[in-house]
Amino acid sequence: MRVELLYFDGCPTYRKLLPRLEAIVEREGVTGGVQLRRVKSVEAAEQERFLGSPTVRIDGRDIDPSAAARSDFGLKCRLYPSSEGTLGCPPEQWIVNALRQPTK
């Protein structure tokens, strides 16, 4: 299983998410750790279908259930809806759900 954290330079939020993401990955028994992937340009963001920083992908699939329907790609900070309001990091349960989902 490949776990990626996509970000752009200047985003402080991915640094906050990284240790939390690594702990979740370890707790869920996923080997291989977390791969950091820097998105360098607007063109790369469009090509990568990058919805903003931080983005977590499991085996190439965004953990956000609504990501496939979106097209607002770019070098920007990403916001996530949650029961506590809008957050700069994805809800932990989204990460856990994606890690537990069978790979296709």
Side-chain angles (χ1 to χ4, degrees):
M1 181 175 285
R2 186 177 76 240
V3 180
E4 299 172 301
L5 176 55
L6 288 76
Y7 70 98
F8 68 89
D9 282 339
C11 172
T13 311
Y14 88 93
R15 292 173 197 232
K16 293 177 188 175
L17 176 60
L18 181 58
R20 192 173 116 223
L21 179 59
E22 289 172 328
I24 295 167
V25 165
E26 184 176 331
R27 185 181 71 222
E28 292 296 315
V30 175
T31 58
V34 176
Q35 299 173 3
L36 282 174
R37 292 200 34 228
R38 181 168 61 103
V39 178
K40 299 177 184 177
S41 66
V42 172
E43 294 80 15
E46 290 174 1
Q47 183 178 13
E48 289 279 345
R49 300 182 56 84
F50 180 64
L51 293 169
S53 182
T55 289
V56 178
R57 292 185 181 164
I58 310 295
D59 290 335
R61 184 176 294 166
D62 197 303
I63 65 164
D64 181 345
S66 70
R70 294 179 54 186
S71 61
D72 54 319
F73 313 120
L75 296 180
K76 59 186 175 180
C77 294
R78 188 165 178 179
L79 298 175
Y80 294 89
S82 80
S83 58
E84 296 99 44
T86 303
L87 304 173
C89 292
E92 182 172 325
Q93 194 59 50
W94 286 9
I95 299 168
V96 170
N97 290 347
L99 290 170
R100 292 179 181 175
Q101 192 172 49
T103 57
K104 297 176 182 175

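Hydrogens, waters and symmetry mates are skipped; everything else that's a heavy atom, side chains included, is used.
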Spacing of [X] atom [atom1] and [Y] atom [atom2] [to the nearest 0.5 Å]:
X	Y	atom1	atom2	answer
K76	F50	NZ	CZ	9.0 Å
R2	R37	CZ	CZ	7.5 Å
I58	I95	CD1	CD1	7.5 Å
R49	S71	CZ	OG	7.5 Å

Listed pairs under 3.5 Å, donor-acceptor, residues 10-27 side chains, sequence neighbours left out:
{"from": "R20", "atom 1": "NH2", "to": "P90", "atom 2": "O", "distance (Å)": "2.7"}
{"from": "R27", "atom 1": "NH1", "to": "E92", "atom 2": "OE2", "distance (Å)": "3.4"}
{"from": "R27", "atom 1": "NH2", "to": "E92", "atom 2": "OE2", "distance (Å)": "2.8"}

Results of side-chain contact (heavy atoms from CB on, under 4.5 Å) for [X] - residues two or more places apart only:
X	result
T86	L79
P81	W94
E84	S82, L87

*asked:* Are V3 and Y7 linked, directly or through intermediate hydrophobic residues, by side-chain heavy-atom contacts shorter than 4.5 Å (ILVMFWY only)?
replied: yes
*L99 and L36: same hydrophobic cluster, using ILVMFWY side-chain contacts below 4.5 Å?*
yes
*asked:* Is there a side-chain contact between R57 and L6 in this structure, where contact means two heavy atoms from C-beta onward sitting under 4.5 Å apart?
replied: yes
_Just so I know, are the side chains of V34 and E4 near enough to count as touching, which here means a heavy-atom distance under 4.5 Å?_
no
*asked:* Check this for me, if you would: do R70 and D62 make a salt bridge, where the nitrogen-to-carboxylate-oxygen distance has to be below 4.0 angstrom?
replied: no
*asked:* According to ring pair (Phe, Tyr, Trp, His ring centres under 6.0 Å), does anything in residues 17-47 pair up with another residue at least two apart or in another chain? List the pairs.
replied: none
*What are the two closest non-hydrogen atoms of F8 and C77, and how far apart are they?*
CE2-N, 3.9 Å
*Are a donor atom and an acceptor atom from the side chains of N97 and Q101 found within less than 3.5 Å of each other?*
no
*If you draw a 6.0 Å radius around CD in Q35, do more than 12 non-hydrogen atoms from other residues or ligands fall strictly inside?*
yes
*Other than L51, what residues sit in its cluster of Ile, Leu, Val, Met, Phe, Trp and Tyr side chains whose heavy atoms are under 4.5 Å apart, directly or through others?*
F73
